[in-house]
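Below is one structure; the comments refer to it alone.
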Protein chains: 2
Amino acid sequence: MATTLDVFDRKLLAEVQRDAQLPQNELGVRGNLSTAAVNRRLRRLAEDGVIDRYAAIVSPEKVGCPLTIVSMVEVESEQIDLLDSMKRTFEQCPQIQQCYYVAGEWDFVLILTVRDMEQYTDLTRQLFFSNNNVKRFKTLVSMSRVKVGLGVPVDIAE
Amino acid sequence: MATTLDVFDRKLLAEVQRDAQLPQNELGVRGNLSTAAVNRRLRRLAEDGVIDRYAAIVSPEKVGCPLTIVSMVEVESEQIDLLDSMKRTFEQCPQIQQCYYVAGEWDFVLILTVRDMEQYTDLTRQLFFSNNNVKRFKTLVSMSRVKVGLGVPVDIAE
DNA sequence: TCTGAAAATGGACCTTT
DNA sequence: AAAGGTCCATTTTCAGA
């Protein structure tokens with residue numbers, strides 16, 4: 001599962017999570033490796049799935065999605081096929097950035113990015129009100145995106 | 001605020017959010033642009049802050065952080081300096097991937113990625129129990145990361 | 001839009017542990 | 001064998017005509 005990562009790998013991962021555009025020679029300087037070694041390691045990390053993918057992170061405000069919303073959903077039944085169908089619906093909705101199936105007071109936590117409240121209202125109709133398996137949901141409107149990322153801690157210090 | 005984006009920009013953003021490693025000539029083919037045009041547009045999108053940054057997305061499981069947790073926090077006082085201090089604490093905690101300051105039943109929503117429950121317990125001590133301004137918090141443990149990303153919808157269809 | 005220079009990537013090959 | 005380093009070919013980026 002957790003591949004063995006040495007200090008060099010961890011350093012690389014830390015850098016490249018922050019800025020994937022750093023050229024391999026610069027990564028080499030920072031991590032005390034030759035460019036070729038950096039190249040090999042990055043390739044291996046990608047092959048092993050440690051690096052899942054590279055992505056451009058776009059500013060929601062700049063593309064007309066200034067509103068971030070957290071929704072929590074409780075379902076009526078946890079029957080597998082009903083859950084799967086909900087998961088698929090959530091996955092496919094472009095406004096849903098993230099969906100977690102959770103244990104506790106709620107069943108799903110969703111992070112959405114939308115144009116405005118009207119669009120969110122529309123989405124609640126499509127996703128929640130028109131779905132018989134949604135028992136109730138709660139909406140938390142984000143006033144400030146204090147920290148947003150997918151960075152995973154890689155503990156440079158062994 | 002929302003820069004004007006034409007169909008070409010939107011197409012580029014859609015592609016590059018999914019895979020930032022596509023070479024510009026390939027992006028050109030997909031978006032019906034010359035390589036040079038792709039190059040200029042990507043540069044402009046980055047300069048304008050539409051593309052915030054490029055990042056490698058690392059698999060939490062593969063680096064020993066298999067547990068995703070959603071925490072919700074209610075504060076005692078919303079005094080500005082107390083809030084700011086909390087925000088800074090949350091920002092600096094490497095296990096906190098995301099922090100939203102929200103309106104509604106709770107004040108903060110946090111997404112954490114941790115090694116195990118023990119580490120989470122430790123963090124609750126540091127972040128919540130030892131902070132006088134935390135009135136209460138709730139923990140939702142993720143059983144499945146159904147959808148995880150920071151992708152913003154860019155509506156190819158104008 | 002095309003052309004070409006500069007930069008970055010990634011393979012070949014040899015060396016070290 | 002496994003991983004590092006140097007060197008070189010190929011690919012990609014990116015600016016000027």
Side-chain angles (χ1 to χ4, degrees), chain A residues 1-59 62-63 149-158, chain B residues 3-59 61-65 149-152 154 156 158:
Chain A
M1 177 116 318
T3 326
T4 326
L5 303 170
D6 62 18
V7 201
F8 297 105
D9 288 326
R10 290 175 189 279
K11 175 67 174 165
L12 281 180
L13 288 174
E15 295 289 353
V16 97
Q17 284 193 89
R18 235 180 298 124
D19 181 0
Q21 283 203 309
L22 291 169
Q24 296 176 353
N25 66 23
E26 174 60 23
L27 290 170
V29 172
R30 300 194 189 187
N32 278 99
L33 283 172
S34 70
T35 306
V38 170
N39 188 288
R40 277 190 295 261
R41 278 169 183 269
L42 286 178
R43 160 182 311 283
R44 190 172 53 71
L45 290 167
E47 271 167 7
D48 296 350
V50 177
I51 294 175
D52 180 55
R53 55 192 250 270
Y54 293 86
I57 310 228
V58 333
S59 156
K62 294 291 175 74
V63 298
L150 296 175
V152 178
V154 282
D155 281 346
I156 293 302
E158 278 277 83
Chain B
T3 324
T4 326
L5 302 170
D6 63 17
V7 199
F8 297 106
D9 287 327
R10 290 176 189 279
K11 176 66 174 167
L12 280 180
L13 288 174
E15 294 290 351
V16 97
Q17 283 192 90
R18 233 177 303 123
D19 182 0
Q21 284 203 311
L22 292 169
Q24 297 177 351
N25 66 25
E26 175 60 23
L27 290 171
V29 173
R30 300 196 189 185
N32 277 98
L33 284 171
S34 70
T35 305
V38 171
N39 188 285
R40 274 190 299 267
R41 279 170 183 267
L42 286 178
R43 163 181 304 284
R44 192 173 51 72
L45 289 167
E47 273 168 5
D48 295 350
V50 177
I51 294 175
D52 180 53
R53 55 191 251 270
Y54 293 86
I57 310 224
V58 170
S59 156
E61 297 83 17
K62 293 290 175 76
V63 298
C65 281
L150 296 176
V152 177
V154 282
I156 292 305
E158 275 279 82

To the nearest 0.5 Å, what is the distance between [atom1] on [X] and [atom2] on [Y]?
X: B:Ile57; Y: A:Leu150; atom1: CD1; atom2: CG; result: 5.0 Å
X: B:Arg41; Y: B:Ser34; atom1: CZ; atom2: OG; result: 9.5 Å
X: A:Leu12; Y: A:Leu42; atom1: CG; atom2: CG; result: 5.5 Å

Return yes if some donor-acceptor pair links the side-chain N/O of A:Asp48 with the main-chain N/O of A:Val50 below 3.5 Å, else return no.
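The answer is no, because no donor-acceptor pair under 3.5 Å joins these two groups.
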
Counting only N and O atoms by type, is there a donor-acceptor contact under 3.5 Å from the side chain of A:Gln17 to the main-chain atoms of A:Val152?
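Here the side-chain-to-backbone pair exists.
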
If you compare all heavy atoms of A:Lys62 against all heavy atoms of B:Gly49, which two are closest, and at what distance to 0.1 Å?
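That would be CG-O, 3.8 Å.
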
With B:Leu22 as reference, evaluate B:Leu27, B:Val16, B:Val38 under the side-chain contact (heavy atoms from CB on, under 4.5 Å) test and give the passing residue.
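With B:Leu22 as partner, side-chain contact (heavy atoms from CB on, under 4.5 Å) holds for just one option, B:Leu27.
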
Shoot me the first and last contacting nucleotide of DNA chain C against chain B, ordered 5' to 3', at under 4.0 angstrom to non-hydrogen atoms.
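Contacts span C:dT1 to C:dC2, reading 5' to 3'.
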
Heavy-atom protein contacts under 4.0 Å, nucleotides 3-17 of chain D, coded B base, S sugar-phosphate only, - none:
-BBB-----SSBS--

